[in-house]
There are 2 protein chains.
Amino acid sequence: MVSDVQPVSAKTPVTLREVAALAGVSVATASKALNGQGRMTAETRERIRETAQRLGFRPNSLAQSLLRRRSFTVGLLTNDTYGRFSLPVMSGISDALVDKGVSVFLCNVEDDQRLGQLHVDAMLDKRVDGIIATGKRIDRHLPVDLSNLGIPVIYAFTEPDPGAIAFVSDDAGGARLAVEHFCRLGRRRIAHVSGPASFAVVHARAQAYRDVLTEKGLPVMEPLLGSWSEAWGHEAVKTLFDGKLSKRGGEKPDAVFCGNDQIARGVIDALRERGLGVPDDVGVIGFDNWQIVAEATRPPLTSVDMNLAALGREAGLTLLSLVGGEPAEPGIRKLPCRLVVRQSCGRPPGG
Amino acid sequence: MVSDVQPVSAKTPVTLREVAALAGVSVATASKALNGQGRMTAETRERIRETAQRLGFRPNSLAQSLLRRRSFTVGLLTNDTYGRFSLPVMSGISDALVDKGVSVFLCNVEDDQRLGQLHVDAMLDKRVDGIIATGKRIDRHLPVDLSNLGIPVIYAFTEPDPGAIAFVSDDAGGARLAVEHFCRLGRRRIAHVSGPASFAVVHARAQAYRDVLTEKGLPVMEPLLGSWSEAWGHEAVKTLFDGKLSKRGGEKPDAVFCGNDQIARGVIDALRERGLGVPDDVGVIGFDNWQIVAEATRPPLTSVDMNLAALGREAGLTLLSLVGGEPAEPGIRKLPCRLVVRQSCGRPPGG
DNA sequence: GCGATTTGGGAAAAGGTTTTCTCAAGAGAG
DNA sequence: CTCTCTTGAGAAAACCTTTTCCCAAATCGC
């Protein structure tokens, strides 16, 4: 009947009262002992600690939260559970928060207003300390109203309310990275094939594309806008290389900067089908750095990565500082992209 | 100074005490009024309800949970936040639970034991009512020990502890669906190209493939095992159609059942490159029904769908019934797959 | 009109923790 | 030897809600 039981994850959780009773002190003393507060003999403190350890005591977060008016919980709202954009973001948020003891409620609202309200209400009931909203498009609102909730809200990779704080990728910067890389490699006729004109990022990237070429004194070809699909990549190659549309002296492009990796894949396949070599005849760069696509193209695709996990981390940490009462400037913060170089661009002429 | 303020989401949440004070009753009466309990005049009840409404009162879940010893919260453990398998599962779980007022903690443990323990501890501290474990492989354990936690645990699309309840896809059944579909269409020489032998599902599907062909009296070709990549699909086509390995009279396959959609994509591309038509010369079926891949192949790919969202729903509902104290048989429950027919198989001979 | 029952509503405990206040005993100063 | 100060630890309030008991007033039966 000795008490050498291992720390027992009991059927019913151990309370502080039980620890105190077994250690022969009051709950107040027990609490102080375990939190390093109050004054007592080292021996008493140690005895209480030991007892708690032996019983496998874990303070009840619910009770703590009630008292502290802080739940150490945040809500993560998304309309993109299937997608590949919000996932890295979510992962980054979660990683940033778990270390601070903060848990994340995952709320998938699809594009359903009712579902959105349901989740927001649930989060408010559960007394989350703050909310992060993330989506599949940087220029679309989630179907929920997050203004005036009485708790901090951060937007990540989605359209924010006015006066809020948002983290988004620097699409123009990312596009510059790609086009400047082509220039450095000596490419002279750089085309741009992108997604639908209804996306804000399409314009941001296209403008950056024009800017860089103008700065370098290279010819600007009007960007080709279509859809985000491989099929559009195929079609665009037809348009670009069948000559009717290449105005300046019939010269064909020697580089294509694509709006996403799927378009890039279509472009690469179409080029190969018409006997053009990548990267020797034409260089190709994609956007999103969707690993599973970028590594399946032949050759593997150089692509712009939006650093979404980092974006999520940043959003999580900022929310935490807001929750902690620190002030922060409202506004949209653009985080830099990075270029992941694989083999679809070739080496510099002298390299 | 009239009280026509809209329901105010106050800086500091409204408590029941404030509602009671404003309605001129005790908190006990207020509580009963709002919960439809106790006895009081209809007029009193209505007055309290109105006051609560006007103040935007929301009962504090933390306090309720403390009292009820139930948090209406579950933990979702996964090691596959980026992947496409656990995402539909997670989405299904979340959907099933939100309607019951249960929120979901998202915990990404990667493959890190320390992170796993951290998350499990956090969940236990937050007094989750139960835990669902999900992963990226049906035959691998999460890096955490979930036995003896004192709360119900359900496994979904991951290897369970002995004696636990798990939901997995019926891979053998899914493979049968595919092969039988080929048979119905009159295909006679059906090959199977799959992933690495280290995956349990590879064997389950291969065995079902053999079984069906044997039942139908068709020739069984030894399954080709490789990796889950497009590149392997290309390579396998070489092996299958270069003749050295097709033993019976040099006949080439007229159908290929692939272990996943990426392999199928590689197979389709490779077939086209050697001048074989899909579906006219060779039919192809994939596995996973990864929409973005299946719809990008030319022609669009017929594929086996594991119904992962439904699997998640089922897991969520079962966990809830467990939490509610209802008994349930331990064991592994296999949920049926379904075949999503697109255009890579062709029509039946007489169709 | 008197006792028994119903009605409307309140007091208090419970849930588990933290924190402030209080208090007794012992130690040091003079 | 008395007075003050420190030390060690407990009592109680607070966080917010639910629920059980309880009580006073009103109603009913006769």
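Labels below follow one simple rule: chain letters A, B, ... track the order of the sequence lines, proteins then strands, and each chain is numbered from 1. All values below were derived from every heavy atom in this structure, side-chain atoms included, with hydrogens, water molecules and symmetry-related copies excluded.
For the pair B:Ser31 and D:dT17, the criterion of a side-chain N or O lying under 4.0 Å from OP1 or OP2 is not met. Distances shown here put a side-chain N or O of B:Gln64 below 4.0 Å from the OP1 or OP2 atom of D:dT18. Look at B:Asn35 and you'll find a side-chain N or O under 4.0 angstrom from OP1 or OP2 of D:dT18.
Ring pair A:Phe105/B:Phe105: centre-to-centre distance below 6.0 Å. For B:Phe157 and B:Phe85, the gap between ring centers is short of 6.0 Å.
Taking 4.5 Å as the limit, some side-chain heavy atom of A:Phe57 sits within range of a side-chain heavy atom of A:Leu34.
If you take CD of A:Gln37 and P of D:dG8, they are 16 Å apart, rounded to a whole angstrom. Atom pair A:Leu67:CG and D:dA13:P shows a separation of 15 Å (rounding to whole Å applied). One interatomic measurement links the two molecules: CZ of B:Phe72 to P of D:dT17, which rounds to 16 Å at whole-angstrom precision. B:Arg39 has its CZ atom 15 Å from the P atom of D:dT27, to the nearest Å. Between B:Met40 atom CE and D:dA24 atom C1' the separation is 17 Å, expressed in whole Å. For the pair A:Asp125 CG and D:dT17 P, the interatomic distance rounds to 11 Å; values are reported in whole Å. Rounded to whole Å, the distance from CZ on A:Arg68 to P on D:dC16 is 15 Å. For the pair B:Leu66 CG and D:dA14 P, the interatomic distance rounds to 17 Å; values are reported in whole Å.
Here D:dG8 is the nucleotide among D:dG8, D:dG10, D:dT17 with the atom lying nearest to any side-chain atom of A:Thr41. Distance from the side chain of A:Arg69 is smallest for D:dC15 among the nucleotides D:dA11, D:dC15, D:dT17.
Remark: the A:Lys32 side chain and the D:dG8 base include no donor-acceptor N/O pair separated by less than 3.5 Å.
Between B:Ser94 and B:Val104, the shortest heavy-atom distance links the atoms CA-CG2, 4.3 Å.
Here A:Arg114 pairs with B:Asp99 in a salt bridge; the nearest charged N to carboxylate O distance falls below 4.0 Å.
Counting 5' to 3', DNA chain C first comes under 4.0 angstrom of a heavy atom of chain B and last does so at the ends given by C:dT7 to C:dG16.
Comparing B:Ala28 and B:Ala63 against DNA chain C, the residue whose closest nucleotide sits nearer the 5' end is B:Ala28. For the pair A:Thr15 and B:Val25, nearest-nucleotide mapping onto DNA chain C gives the more 5' position to B:Val25.
Interatomic distance, B:Ile151 CD1 to B:Met123 CE, rounded to the nearest 0.5 Å: 6.0 Å. A distance of 9.5 Å separates CG in A:Leu335 from CG in A:Leu308, rounded to the nearest 0.5 Å.
At distances below 3.5 Å, not a single donor-acceptor pair connects side-chain atoms of B:Ser86 with backbone N or O atoms of B:Val89.
Each of B:Arg137, B:Lys136, B:Arg140 was evaluated against B:Asp111; a single residue qualifies, B:Lys136, per the salt bridge (charged side-chain N to carboxylate O under 4.0 Å, His left out) test.
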- Message: For B:Asn60 and B:Gln64: C-alpha separation, side-chain torsions, deciding distance, then whether side chain to side chain donor-acceptor pair (under 3.5 Å) applies.
- Response: CA-CA 6 Å; B:Asn60 186 327; B:Gln64 291 180 323; over 6 Å; no
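Across all strands shown, B:Thr44 has heavy atoms under 4.0 Å from sugar-phosphate atoms exclusively, and none from any base.
Comparing the axis of the opening five pairs of the helix from C:dG1-D:dC30 to C:dG30-D:dC1 with that of the closing five pairs yields an angle of 50°, rounded to 10°.
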